[in-house]
Amino acid sequence: MNSSPLSSTALAITLALTLGLTGCGGSEDSTESIDATSTSDTATDTSTDTDDGSEDSGSGILHPAYYEFDQDNVNVVLSGSKVVIETNGLPNHTSPYWSSGHELHVEPTVTSYAQMAPGNIDDFVGTYTLTVDNSPTKATSTSATGLGAIGIAVSGSVIYNDEEGPGVPLDDAATSLDFNGAHTGPQSYHYHLEPISFSDDDSNLVGVIADGFFLYGRMCNSTGTYPTDLDASGGHTSITQFAQEAEYHYHIQNELYLGSYYILFPGDYQGSASAIR
């Protein structure tokens with residue numbers, strides 16, 4: 001996590017994508033233009049100008065799922081075989097955790113002001129950056145998630161696992177979570193449970209986990225039902241609404257937590273995770 005705000009010194013992208021989807025997959029006919037620039041004196045520019053004035057890193061095609069990320073909060077840049085995802089950590093939806101004067105503030109429903117964690121969403125000023133493979137592969141062995149951010153959601157906020165602290169189960173803090181299964185602290189607003197503002201018992205894209213694999217809702221887009229072949233991490237291989245060829249990805253597991261919730265990612269990484277800084 002960097003302490004500088006997302007500003008003109010951050011990476012900027014101009015993304016244009018024409019993508020035709022057929023059934024559960026997508027058409028092979030797609031075009032995109034990526035403009036990745038930096039004002040840093042130490043930045044290395046390996047892009048090549050194209051005839052239309054845009055810049056292309058010459059490294060292939062960015063996975064179409066990344067175009068689902070909120071472009072006001074998240075910058076995504078394809079650099080060689082890597083994807084660099086930078087977010088300001090702020091969600092694009094309502095929450096009682098916004099300060100009372102903010103346009104996205106709403107009154108608490110499933111929690112209360114007395115039970116809420118300290119701090120407001122808009123107290124956070126900084127960025128999170130994650131670098132992953134554009135085409136990730138499974139590792140030879142799994143690895144445990146740690147405390148702190150383990151993924152970035154399409155909304156702009158980050159994803160945490162099912163622990164509240166070292167050896168502290170999420171149960172102890174569940175009453176502080178808003179209707180999106182999220183709360184603030186120790187640094188910023190983050191999700192532990194199914195975020196119903198953008199995935200509510202469906203196959204929507206939730207975000208990307210730190211090993212580069214995407215996380216989807218509880219339903220499988222390829223079948224329209226709950227997947228029955230998930231591994232211990234909630235993953236399986238199938239086509240998705242963004243991939244016409246089967247690829248490995250995670251799902252929110254359709255297993256109730258505390259009687260009415262669903263944990264976002266309680267398992268281990270199946271790929272090689274990168275730090276979210």
Side-chain angles (χ1 to χ4, degrees), residues 19 21-26 63-71 73-74 76 83 85 87 91-95 109-110 130 132 136 138 145 149-162 170 174 177-183 189-271:
L19 177 66
L21 296 181
T22 304
C24 296
H63 195 293
Y66 284 113
Y67 293 92
E68 289 295 296
F69 285 72
D70 184 274
Q71 293 186 19
N73 294 332
V74 185
V76 181
V83 179
I85 307 137
T87 177
N92 60 1
H93 55 70
T94 60
S95 170
T109 52
V110 299
L130 169 64
V132 297
K138 294 177 70 174
T145 59
I150 64 166
I152 296 176
V154 296
S155 68
S157 290
V158 291
I159 296 169
Y160 276 38
N161 67 10
D162 58 346
L170 182 59
L177 301 176
D178 67 11
F179 56 89
N180 279 300
H183 59 183
Y189 182 81
H190 57 271
Y191 307 103
H192 288 282
L193 307 178
E194 181 180 57
I196 62 174
S197 284
F198 52 97
S199 182
D200 185 5
D201 193 20
D202 53 35
S203 63
N204 291 351
L205 179 66
V206 174
V208 63
I209 300 300
D211 58 3
F213 293 119
F214 294 110
L215 173 65
Y216 290 87
R218 287 185 278 141
M219 304 283 281
C220 181
N221 181 265
S222 64
T223 62
T225 60
Y226 301 117
T228 58
D229 59 344
L230 299 181
D231 59 27
S233 299
H236 73 159
T237 300
S238 75
I239 62 173
T240 72
Q241 59 267 50
F242 304 108
Q244 62 181 358
E245 294 185 6
E247 62 181 21
Y248 184 81
H249 56 274
Y250 301 116
H251 285 275
I252 301 174
Q253 298 181 55
N254 192 40
E255 298 176 2
L256 278 173
Y257 168 69
L258 297 180
S260 57
Y261 305 106
Y262 299 90
I263 294 177
L264 272 179
F265 194 78
D268 291 344
Y269 297 118
Q270 290 289 330

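Looking at every heavy atom in both residues, V158 comes nearest to A149 through CB-CB, 3.9 Å. For the pair S203 and C220, the tightest heavy-atom approach, listed with the atom from each and the gap, is CB-C, 4.2 Å. For M219 against D201, the heavy-atom pair with the smallest separation is CG-O, 3.6 Å. Taking both residues in full, the closest heavy atoms of A65 and Y216 are given as CB-OH, 4.4 Å, listed atom of the first, atom of the second, then distance. Taking both residues in full, the closest heavy atoms of D202 and S199 are given as OD1-OG, 2.8 Å, listed atom of the first, atom of the second, then distance. Taking every heavy atom of both residues into account, N73 and G156 meet most closely at CB-CA, 4.0 Å.
Between F198 and Y191, the ring centre distance stays below 6.0 Å.
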For Y250 and V206: C-alpha separation, side-chain torsions, deciding distance, then whether side-chain contact (heavy atoms from CB on, under 4.5 Å) applies. CA-CA 10 Å; Y250 301 116; V206 174; over 6 Å; no
Do V110 and L177 pass the side-chain contact (heavy atoms from CB on, under 4.5 Å) test, and can you show the C-alpha distance, the side-chain angles, and the key distance before you say yes or no? CA-CA 8 Å; V110 299; L177 301 176; 6.0 Å; no
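Counting heavy atoms from C-beta outward, I152 and F69 have side chains that approach closer than 4.5 Å. With contacts defined as side-chain heavy-atom distances shorter than 4.5 Å, the pair Y248/T237 qualifies. Counting heavy atoms from C-beta outward, D231 and K138 have side chains that approach closer than 4.5 Å. Taking the side chain as every heavy atom from C-beta outward, F242 and N221 never approach each other to under 4.5 Å. Side-chain contact between Y66 and V74: absent, with no pair of heavy atoms (C-beta onward) separated by less than 4.5 Å.
Screening L264, L170, I252, D162 for a side chain to side chain contact (heavy atoms under 4.5 Å, CB included) involving L193 leaves a single residue, L170.
Remark: the Y189 side chain and the D178 side chain contain an N/O donor-acceptor pair separated by less than 3.5 Å.
For the atom pair E247 CD and F214 CZ, the distance stands at 7.0 Å (nearest 0.5 Å). Note that CG of L130 and CD1 of I209 are 9.5 Å apart. Values are rounded to the nearest 0.5 Å.
Relative orientation of the Y160 and H192 rings is perpendicular, given thresholds of 30° and 60° on the angle between their planes.
No donor-acceptor distance shorter than 3.5 angstrom exists from the side chain of E194 to the backbone of G217, with no hydrogens or angles considered. In this structure, the side chain of H249 does not engage the main chain of L215 through any donor-acceptor pair within 3.5 Å. Without hydrogens or angle criteria, N180 side chain to A182 main chain gives no donor-acceptor distance under 3.5 Å.
The side-chain hydrogen bond (donor to acceptor under 3.5 Å, both in side chains) pairs that include a residue from residues 261-271 are R218-Y262, S233-Q270, where partners are two or more places apart or lie in different chains.
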